[in-house]
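Inspection log for the structure reproduced underneath, given as structure tokens.
Letters go in sequence order (proteins before strands), and every chain restarts at 1.
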Amino acid sequence: MKHTISVLVENHAGVLARVAGLFARRAYNIDSLAVGVTADENVSRITIVADGDDYTLEQILKQLNKLIDVIKVRAFSETELLTRELVLVKVNCTPAQRAELISIAKITEAKISDISINTITLELSDYSNKIKTFEELLRPYGIKEIVRTGTVAIQRGSASLTI
Amino acid sequence: MSENTMTVAKAMVECLKAEGVKHVFGYPGAAICPFYDELITSGIEHILVRHEVNAGHEASGYARITGRAGVCVATSGPGALNLITAIATAYMDSIPIVAITGQVNSDQIGRDVFQEADITGSAEPFVKHSYIVKDPASICDVIKKAFYIAETGRPGPVLIDVPMDVQLMETEFMYPETVEIRSYKPTTEGNKLQIKRVADTISKAQRPVICAGGGVFLSDAKQGLAELAHRCDIPVINTMMGISNMDMSDPLYFGMIGMHGVKAANHAVKNCDLLILLGARMGDRAVVAIRNNKKMQVVHIDIDPAEIGKNLDVNTPVVGDIRRILCQLLEIIPEMKHTDWVNELDGVRKQTASVPAAKEGTVCPKSFIEELNRQLPKDSIIVADVGQNQIWTANNIRLTEGRFMTAGGMGTMGYSLPAAIGAKKATPERTVIAMCGDGSLQMQFMELATAIQHNINVKIIVFVNSALGMVRELQEKIYERETAVDLTGSPRFDIIAEAYGIKAENITDISQAEAAISNMLASEKPYLLQVFVDREERTII
Ligand SMILES: Cc1ncc(C[n+]2csc(CCOP(=O)(O)OP(=O)(O)O)c2C)c(N)n1
């Protein structure tokens, strides 16, 4: 089962290595990982999507909590969260195909971020499944390059995770 | 410039003094020389080991006895790397140590310069926390936090890596009085409701047993354990790490559980209806005996929430300091009796098989240890190494007020002598004996020089079976032939000992044991006793 875990950590050098190392050596699988500083510049937030049963999830949370630089850890259920990934896709695009691709961008609410004589680069921020569909739509044109971030997640409604 | 302005190296030493450190175990090299140059005039005694791994083990033996973090020191690169096995050993056994390493100059880090090793990176899986000090102004804070983290909560090793140029920079010495780490707040007090549940569960049980582990030592809870056992008439068994946390002559004490444990203890966990785990992490080798008992309830009391439910499903968890929790529990729990259950275990205990006569020219380890028990001062400290020698010692030694210790979690060969040296340094008035095999002795006998140089009166008992006995026994059982376990070529350890100026004696017959042990215990110097045992001798007696 997939779990989304938010980890608030001290914004020190080496913290990410500690967190990633913990997953590696305890054989927990990471599907995606994203890090960024929070409103408090001394605190970073790591969002991890991990795979595992309930026992593994409990162990992950407990072991993360033991790292001295970890301030707070929480796992969320899917319904509690608003999740986003960002993807940049460079697609083959002859001048004749431009109109078609621009209409795909419109429908999917992707942004046209760059364009060249024979390519177009589209940008989309959405939840994971939407991004997958987006990729499927573009595949027939020939994807030259694709860059995707890890998932970031925030609670729906007024609840928030703070230290 | 105030009088508190000094180099980081001097500040490090001042911090250690402020922490009350009396002894450090270490081995120098260029990158840690600024620190050593200040240490020498500080009044802190430095014990020069003969290999860095032993600095770590000595700090660990020291810590187990003092209850405070032991300090070990090494230089950058190979020195620091040699510490890793000891750091990992301490980590597995939750022993507080503070390891200080020199590092190459900060502007050269990452360039693969001479003797550079990423020690904080390499040791990360085995430390509770680590620091690399780049800001000279942070040194006092770092050292204060290092001791605090090492000693509180579930104890463990903390590493401080200090680049050589940083050691030479100036800073203000100001040792903080308190520590505030917002992300580290170990629970000590047990949850009242949970403790009430524990009391209820105990009251309902017919066949309860307490399995007490190393955590009982770490939280200094021996007394509470004995009180609970006696008040509620509950048999006590140990994991290997817990041995000697209960007076072993106590009628309620039934020995060590697990793969290498004794019948009575394993019978207790297999047939109990309530297992109370007290600071025992139930490692895989301890858990084997329990898996089949489906009817028991489990109460787990531990400072580390991550251990609860990790290896065994638990009905009633209580997180906190064992000593505190026992006090809380003892406030509410009534007296009770489990006479039939205790008698049943007593019956199993009495079924001990008779010991077969030893072969000509060899000594039965069990009989030898029984003789040792007769002569040992009450409060002796016994450090068992790893292998058959460890199991023989664990299952036969009888300590009442003494202390048994061993590298239970990591099973690190070569632990016993350095840990014994550390323990003796911590408590010079007590008898301290390292018990090892002829394989493990050869991983550590360089430390005989440390004992001699620093007048550390430790005793060494080596069971010579001319093989890596534990592995040989396993191969015999599973592979039906032995490979790479024969120790032919080993020297005569009595001559080696004498080369270090250490008196040695050999025994090849149990009739010599009484006099030899008495000579060893009477000597005021380090002493080595070689006990020749049959190569075929097993751990299953
Ligand atoms: C550093 C290390 N290397 C290897 C082992 C694997 N091992 C476990 S017991 C053992 C044999 C120990 O032999 P010896 O010290 O002679 O003791 P005996 O079992 O014969 O009493 C070995 C090699 C270990 N535990 N530690």
Side-chain angles (χ1 to χ4, degrees), chain A residues 3 5-30 33 35 37-48 50 52-75 160-163, chain B residues 88 91 94 106 109-110 118-135 138 141-142 145-161 179-187 281 300 302-314 317 319:
Chain A
H3 307 281
I5 303 164
S6 292
V7 193
L8 296 177
V9 298
E10 296 289 351
N11 187 9
H12 291 160
V15 176
L16 184 59
R18 286 193 166 124
V19 170
L22 177 75
F23 275 78
R25 74 173 170 276
R26 295 202 178 259
Y28 308 142
N29 295 319
I30 299 186
L33 184 146
V35 203
V37 75
T38 62
D40 174 350
E41 62 177 28
N42 296 314
V43 179
S44 293
R45 179 163 176 155
I46 305 179
T47 309
I48 299 169
D53 53 19
D54 289 349
Y55 169 83
T56 310
L57 176 66
E58 191 185 328
Q59 273 296 311
I60 291 176
L61 300 181
K62 284 174 166 178
Q63 295 296 345
L64 278 171
N65 255 317
K66 281 173 68 167
L67 293 179
I68 305 290
D69 286 330
V70 168
I71 306 166
K72 202 170 213 175
V73 186
R74 259 202 72 182
S160 63
L161 183 69
T162 49
I163 53 172
Chain B
Y91 183 73
S94 314
S106 51
I109 289 178
D118 171 13
I119 190 61
T120 48
S122 353
E124 173 59 22
F126 315 116
V127 292
K128 189 167 170 188
H129 197 53
S130 64
Y131 293 95
I132 171 153
V133 180
K134 291 187 177 157
D135 172 11
S138 70
D141 201 41
V142 162
K145 283 180 177 162
F147 276 89
Y148 177 69
I149 292 169
E151 291 173 349
T152 55
R154 177 179 182 172
V158 177
L159 171 68
I160 307 172
D161 195 29
V179 189
E180 170 57 34
I181 306 172
R182 63 174 162 184
S183 53
Y184 176 69
K185 303 252 184 291
T187 316
R281 117 191 128 82
H300 196 167
D302 205 291
I303 189 102
D304 182 0
E307 285 305 336
I308 293 178
K310 189 168 92 178
N311 300 329
L312 200 66
D313 288 338
V314 171
V319 175

Item to check | Heavy-atom pair count under 4.5 Å with chain B, highest-scoring of A/I68, A/V70, A/I71 | outcome: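 The residue among A/I68, A/V70, A/I71 with the greatest pair count is A/I68.
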
Checklist entry - So how far is it from A/E10 CD to B/Y184 OH, rounded to the nearest 0.5 Å? => result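 Reported value, rounded in 0.5 Å steps: 15.0 Å.
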
Nearest atoms (heavy-atom pairs only) where [X] meets [Y]:
{"X": "B/A306", "Y": "A/Q63", "answer": "CB-NE2, 3.7 Å"}
{"X": "B/E124", "Y": "A/R25", "answer": "O-NH2, 4.1 Å"}
{"X": "A/V43", "Y": "B/R182", "answer": "CG2-NH2, 3.5 Å"}

Item to check | Structural part of A/I163 lying under 4.5 Å from a heavy atom of chain B | outcome: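 It is the side chain, since no backbone atom gets that close.
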
Checklist entry - In terms of heavy-atom contacts, does NZ of B/K134 have more than 12 from other residues, nucleotides or ligands at under 6.0 Å? => result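 It does not: B/K134 NZ has 12 such atoms or fewer within range.
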
Item to check | Crowding at CG, B/D313 (>12 non-hydrogen neighbours, <6.0 Å) | outcome: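 Atom CG in B/D313 is not crowded, with 12 or fewer foreign heavy atoms closer than 6.0 Å.
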
Next on the checklist: Using side-chain heavy atoms (C-beta onward) and a distance below 4.5 Å, is B/R154 in contact with A/K66?
Outcome noted: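 Yes - at least one pair of side-chain heavy atoms lies under 4.5 Å apart.
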
Checklist entry - Given that the side chain runs from C-beta out, which part of B/T120 has a heavy atom under 4.5 Å from chain A: side chain, backbone, both or neither? => result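 Neither part.
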
